[in-house]
Amino acid sequence: MAEMTFGKAINAGLRRALERDPKVVLMGEDIGRLGGVFRITDGLQKDFGPHRVIDTPLAESGIMGTAIGMAYRGYRPVVEIQFDGFVYPAFDQIVSQVAKLHYRTRGHVRVPLTIRVPFGGGIGSPEHHSESPEAYFAHTPGLRVVAVSNPQDAYSMIQQAIASDDPVVFFEPKRRYHDRGEVDEGIGLEGPGGLSMGAARVAVPGEDVTLVSYGPLLKTCLDAAVAASDEGVSVEVIDLRSLSPVDYPVVEESVRRTGRLVIAHEAARSGGLGAEVAASITERCFYHLEHAPVRVTGFDIPYPYSKIEHHHLPDLDRILDGVDRALGRPNSLSGLEEGE
Amino acid sequence: MAEMTFGKAINAGLRRALERDPKVVLMGEDIGRLGGVFRITDGLQKDFGPHRVIDTPLAESGIMGTAIGMAYRGYRPVVEIQFDGFVYPAFDQIVSQVAKLHYRTRGHVRVPLTIRVPFGGGIGSPEHHSESPEAYFAHTPGLRVVAVSNPQDAYSMIQQAIASDDPVVFFEPKRRYHDRGEVDEGIGLEGPGGLSMGAARVAVPGEDVTLVSYGPLLKTCLDAAVAASDEGVSVEVIDLRSLSPVDYPVVEESVRRTGRLVIAHEAARSGGLGAEVAASITERCFYHLEHAPVRVTGFDIPYPYSKIEHHHLPDLDRILDGVDRALGRPNSLSGLEEGE
Amino acid sequence: MTTGPGGEPVQLLTPRGERLADARYDGYLADVDGDAGAEVLEGLYEDLVVVRRIDAEATALQRQGELALWPPFLGQEAAQIGSGRALREDDFVFSSYRENAVAYCRGVDVGDMMRVWRGCANAGWDPFSVNMAPTQVIIGAQTLHATGYAMGIQFDGADSAAITYFGDGATSQGDLNESMVFAASFQAPVVFFCQNNQWAISEPVGLQAHVPVAHRAPGFGIPSVRVDGNDVLACLAVTREALERARSGNGPSFIEAVTYRMGPHTTADDPTRYRDANELEDWRERDPISRLEAHLDSRGLLDEGLRGRVRAKADDVAARLREETVHMPDPPASAVFEHVYTGPNSELDRQRDHYGLYLAGLEAGHGHGHAAAEREGAQ
Amino acid sequence: MTTGPGGEPVQLLTPRGERLADARYDGYLADVDGDAGAEVLEGLYEDLVVVRRIDAEATALQRQGELALWPPFLGQEAAQIGSGRALREDDFVFSSYRENAVAYCRGVDVGDMMRVWRGCANAGWDPFSVNMAPTQVIIGAQTLHATGYAMGIQFDGADSAAITYFGDGATSQGDLNESMVFAASFQAPVVFFCQNNQWAISEPVGLQAHVPVAHRAPGFGIPSVRVDGNDVLACLAVTREALERARSGNGPSFIEAVTYRMGPHTTADDPTRYRDANELEDWRERDPISRLEAHLDSRGLLDEGLRGRVRAKADDVAARLREETVHMPDPPASAVFEHVYTGPNSELDRQRDHYGLYLAGLEAGHGHGHAAAEREGAQ
Ligand SMILES: Cc1ncc(C[n+]2csc(CCOP(=O)(O)OP(=O)(O)O)c2C)c(N)n1
Ligand SMILES: Cc1ncc(C[n+]2csc(CCOP(=O)(O)OP(=O)(O)O)c2C)c(N)n1
Ligand SMILES: [Mg+2]
Ligand SMILES: [Mg+2]
């Protein structure tokens, strides 16, 4: 076990993947000498050389498209998108090629690509640096989509994503890069209970309400569980980890016990992951639900500038308010509830 | 009133828009001399000239980006994307520019763009010609998203979309282009009850189940209502028309009466419009629901080749099966239901 | 940009079939000009005739309802055969949808070639069995795959090359231009082969490119050549030169083959709506097959023996194509769910299982059966 | 591609301040060379000094925590002022994020200029009040807007022009290349102004462009020129020529201004991680301001009077900038919901109303108040 930052944990996971398989190559803007704008690839070009850690021209469609070509050639590219907002120029190559090539060729061509996307807000950046585009990818069949919430998962899941023969969009909560945590470097391609990448995790067990999240808000949800417990409410926090497919059995088991579900994410409310989780859990547990699933999300707005971003981002209070709403508590003030 | 095809109705609506406002320009691939691959712009370049109906180079990001520039200059561009699958190269310009520019500039810059997208499957085409990408855009704040299901709406709503000062993604169900219907050419920018573009429409009133759809499947839903009524089940069919924002009061009022909701679309199930409608209606009518909302959708697969596309596309039987499921009927065979 | 002596596209065979000497390119046709040249020329002739026959047969099958669609390459045979025959087996091809004559050169089975166009698959063949990627519909997308593949060749230290085919319309797409940026930057062993057939559906090349297409590449640091795309020898020679450049570590090349799409864009298109019959007539005179025939004739090779052999081969291929196409089995429902992922996927597997139950129920007479009845009625 | 006589970038002022005669460009500097030239030169000098001061003040404000971020243009003043001062009021500018000296030329208020960088807005100014689009973060995106705007000018029959600024890194993006396709195809009155400052964050220009950037445009049919970007007169002259071409219906132009980013990419960047101190030293000798000072001096214009006036102006602008920045009011919560749409939106309006209720409740002591307390604690 070693304590390390979230960012360092990804770096260590990438290093393991590069060591393990000579076909693993990293591609992206500024990832070489600079080590990436977040220093996630720090030192890797120096140690593995410019053909393993490749600074590319400034063109995201180009990066994605050439990575696909490298995959045809037997490589296992790990693409870094510098910030969430810059993934859109590559959207066509991701949606029409990366996601579809294995299906198109009836299994002949595998695209074991990992697309690393630092995502989410809260770092005081200008526009396009704080997007939460995960729902676009979760709605794209052929992709696997994961989001990590802590250094251990970051370390293990990046290796699992790279080892996956399916393309994986790997979301990293950039505002947590400097958070520290214990990392067992023995947990790599498989965890104690098998792959962690596809498996939702009960982060805090509880009895009254199921609180589901992923990525950057997981920490806020953990705080919410503590705060709620001070008020006598027992919150079960689930870290989805995989956003496509969602590991519903874990959420279902929890909601059958609690009868109440809150889902929190930074992305816009309409058509976000929360809608999918709410709809699927309602289908699976309708007769166990005591209350409609509650969504605590960003608003349906473009990401706002940094002086007001704290209004947009669900914080501890809004998540607690969501928990109250799920409990049908009268002090709830922001509900989009029946009858209002 | 005149009978015309769906395609001709859009053509007539475009013509009215071109006549009404000299700042309206059409842009796209092959829309001039050829009149578009579906002939939707047939005759318009001849009558309005090559500066009003502009054949562009073959580059969707370029079309969208130059259309934005034209909007800066006071124009009101109507962009044709030749097929749904070709909208992705323009995704960045749509998501990061079209959707955000008004917000970015605190209202100084308006982007009254209409993005016409022939969408959906069922026409026996090769890959990339049968996509249903509406959920991507409905999850993008700043855009309005509509889908038309019949010639009258096509004629009226295209004019309303063009007149809107917000950008509108306008989905046209290409497999219905040859369907015929009555069109009242008096209903243009405003209908008898005001704008139709934003307002969901009760296409068939009913009492037992609310069946919500839009675009190409609306016709199938109408057929389903007839078939169900033969079996003694009264289905209320709602045509959403606007996918962002969804006109929830209309759906809510219906579900409060029926207690049962089915949502049908061609797009993949996970993260589709159905998830959003199911989640929102559950929030709004939880205590009125007799059954979990039921989704009848395409599978979570890339669009399949034409010989098997009929399996993927919800058809009359699958929609009726969905209605059965919502009614808790035992002959339902395909439910993703609680307890299975 | 390299052109012929008069600034015209490089031509080694005139429309009348005369072999023009060329200081730069003759070296690349040593086999053609040498003693065993007859065999090479006859091979090319056979290829041209056979692929034209494939094209005609596919067009006919579409008219007969056996194919859903077909993109004819009529008129573009020399560009595709000339370049396709320059390739080595270990080279890799990334084409668009119109390069079925190249696919023929790669050894793609003619039945597999029709699979996509009949609607029986999204890709007709195993790309690794013929070293050719599947049909690409998204204009320009494949050019990046070729460049990435070529980067992989380079990292592997191999001496093969990638080649990518695309149309004049594709030159407007960001992806093609980004491909050239990457190819130049990494000096990747990739050949950009543009078939400028003058049209992108209804749009003339002048709308895409204000100057000749081949001008584009040098601005990216990539040498280019403009070649007569209806001259199979010239296409062969310039492609060989480009491949040699790639193999010897000298980076990418760009070839503009000036040709003409004699048919419609696809069988769904009606070109009379947008183009002039005269244009077609002009290009008919530059037909790639008559040109090679004239040359063969001038070398005394075009006898009835050759004609007969080639015709027999074409008949044979066309018959096989038809046979394999019309008997292609419809894929089963289960194919819908296969190969989305390489392994299990909880959500999709659930959908598959439920749909299986649903179908089984329908089969057993449960459910409604309206749609199935309708489909049956329609057949 | 046009270059100076030796194939070097066009230079009209040597680093020592000598004015080089140039048959092609002298005509564009008649005002500078003429009797009233002193005024023009002094104006340019003032601009250069003032914008450098703006840059320095903004950098300082960032270090003091008053700005969240700042992208310095230190070293690029001549490219921006030379081109910016060539523009007419009715021309329209589409820039990236680094062209704040151009914004200064357009008359943007210095407080507004800081708005984005303080995090008080996504766009600092009303684009239509200064005919300059807002800061663009997505690399290359604005070049298409410029081209479309120019198409609009053309359709309107006006004689103004659009100009778009972008970096060397942007030349790799599909959007810039598609812009050139559209501009050439429609012969749109647009000027592509590339500030090649040698770096795209940590990536040297050679990774993006295998040959000089200015080579790119002619392949699209767009005339280009390579200019010394640290020579304010040369930048002025070549931009005037390009604008004249645009106004007279002769289509687009491409300018590569060869310059250097003397500072970090942004205040968040540490360039010592990737570049050589020597390089910086070399470029320091080509400083755009010292060069103009040398020239002014050689014309006997650089007296204490001028220096004093310019310094006073710079002091004044800097003071105003600081003042407006530090007193910029924080926007209200309601701003979050404003201007997403031009009119009502049922879903968003509902979210706004509920959030209003929620905030009012928090204010009144309902709810939890943890996060608010935390934020307060942090301040
Ligand atoms: C991204 C994208 N946009 C539009 C289309 C529709 N489309 C198919 S073929 C074609 C014309 C292509 O012309 P060209 O590149 O010259 O190739 P050709 O068909 O002439 O061989 C168009 C516009 C597409 N397939 N992909
Ligand atoms: C589409 C996109 N990709 C990546 C980035 C991140 N990024 C911001 S600036 C920059 C470098 C730009 O270099 P250049 O175009 O030379 O302009 P300069 O900063 O030198 O003025 C990068 C990679 C971005 N803003 N947009
Ligand atoms: Mg073509
Ligand atoms: Mg730069």
Side-chain angles (χ1 to χ4, degrees), chain B residues 29-37 39 55-62 82-83 85-86 88-89 124-129 220 223-224 227-228 231 269-270 297 299-312 314-321 324 331-337 340, chain C residues 68-69 97 115-123 135 137-141 167 169-175 200-203 207-209 265 268-270 273-274 330-333 335-337 340 345 347-348 350-352 354-355 357-362 366-372 374-375:
Chain B
E29 297 159 6
D30 304 293
I31 67 166
R33 199 133 169 210
L34 183 62
V37 295
R39 310 289 185 266
D55 266 337
T56 64
L58 205 178
E60 288 77 11
S61 187
Q82 197 162 79
F83 280 87
F86 312 146
Y88 304 126
S125 264
E127 231 190 329
H128 311 291
H129 291 74
T220 320
D223 294 346
E231 298 179 17
R269 172 183 169 91
S270 291
T297 70
F299 303 117
D300 288 351
I301 59 171
Y303 199 87
Y305 39 96
S306 61
K307 288 274 185 189
I308 53 174
E309 67 181 331
H310 62 279
H311 287 292
H312 176 62
D315 59 13
L316 186 53
D317 289 341
R318 274 173 65 197
I319 290 173
L320 287 169
D321 179 75
D324 284 345
N331 68 334
S332 168
L333 298 155
S334 64
L336 304 172
E337 304 287 298
E340 285 175 62
Chain C
L69 192 76
Y97 41 85
R115 215 170 276 283
V116 168
W117 310 105
R118 190 171 165 89
C120 286
N122 282 332
T135 297
V137 171
I138 302 293
I139 301 295
T171 63
S172 294
Q173 286 285 6
D175 274 4
I201 309 186
S202 74
E203 301 189 338
L207 182 60
Q208 320 285 346
H265 171 69
D269 177 43
D270 173 11
R273 287 181 69 101
Y274 54 82
D330 280 2
V336 169
F337 299 97
V340 181
N345 182 291
E347 196 45 36
L348 181 60
R350 196 156 179 263
Q351 293 177 19
R352 179 197 60 208
H354 280 274
Y355 189 63
L357 286 174
Y358 167 80
L359 283 185
L362 273 189
H366 302 290
H368 298 272
H370 295 283
E374 236 170 58
R375 259 198 312 282

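In the text below, chain A, chain B and the rest are named by the order of the sequence lines, each starting its count at 1. On a predicted model such as this, the values are computed, not experimentally measured, just so you know.
Contact annotation: the side chain of B:F86 never approaches that of C:I139 to less than 4.5 Å [non-hydrogen atoms, C-beta and beyond]. Contact annotation: the side chain of C:Q173 approaches that of B:E60 to within less than 4.5 Å [non-hydrogen atoms, C-beta and beyond]. Proximity of B:Y303 to C:N122: side-chain heavy atoms (C-beta onward) are nowhere separated by under 4.5 Å. Residues B:P126 and C:Y97 have side chains not in contact (no heavy-atom distance under 4.5 Å, counting atoms from C-beta outward).
Rounding to the nearest 0.5 Å gives a distance of 7.0 Å between CZ of C:R350 and CZ of B:R269. With rounding to the nearest 0.5 angstrom, the CG atom of B:D30 is 8.0 Å from the NE2 atom of C:H265. In this structure, CD on C:E203 lies 6.5 Å from CD on B:E29, to the nearest 0.5 angstrom. Atom CD1 in C:I201 sits 10.5 Å away from atom CG in B:D55 (nearest 0.5 Å).
A perpendicular orientation is assigned to the rings of C:Y355 and B:H311, their planes being inclined by more than 60° (bins at 30° and 60°).
Contact of C:R352 with chain B is not made at all, since no heavy-atom distance falls under 4.5 Å. Both the backbone and the side chain of C:L207 have a heavy atom closer than 4.5 Å to some heavy atom of chain B. For C:A68, the part lying under 4.5 angstrom from a heavy atom of chain B is the side chain only.
Taking both residues in full, the closest heavy atoms of B:L34 and C:R273 are given as O-NH2, 3.1 Å, listed atom of the first, atom of the second, then distance. Closest approach of B:Y305 to C:A335, counting heavy atoms only: OH-CB, 3.5 Å.
Chosen from B:A59, B:G35, B:G32, the residue pairing most often with chain C at heavy-atom distances under 4.5 Å is B:A59. For the set C:A121, C:A333, C:A200, the count of heavy-atom pairs under 4.5 angstrom toward chain B peaks at C:A121. With chain C as partner, the option from B:R33, B:H312, B:E309 having the largest number of non-hydrogen pairs under 4.5 angstrom is B:R33. Of the listed residues (C:L348, C:L359, C:D175), the one with the most heavy-atom contacts under 4.5 Å to chain B is C:L348. Annotation: maximal heavy-atom pairing with chain B below 4.5 Å, among C:G169, C:P331, C:G174, occurs at C:P331.
Checked by atom type and distance alone, the side chain of C:Q208 pairs as donor or acceptor with a backbone atom of B:L58 at under 3.5 Å. A donor-acceptor pair under 3.5 Å is formed between the side chain of C:Q351 and the backbone N or O of B:D300.
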For this session: For the pair B:R318 and C:Y358, evaluate side chain to side chain contact (heavy atoms under 4.5 Å, CB included) and give the outcome as yes or no after the intermediate values.
Result: CA-CA 9 Å; B:R318 274 173 65 197; C:Y358 167 80; 3.2 Å; yes
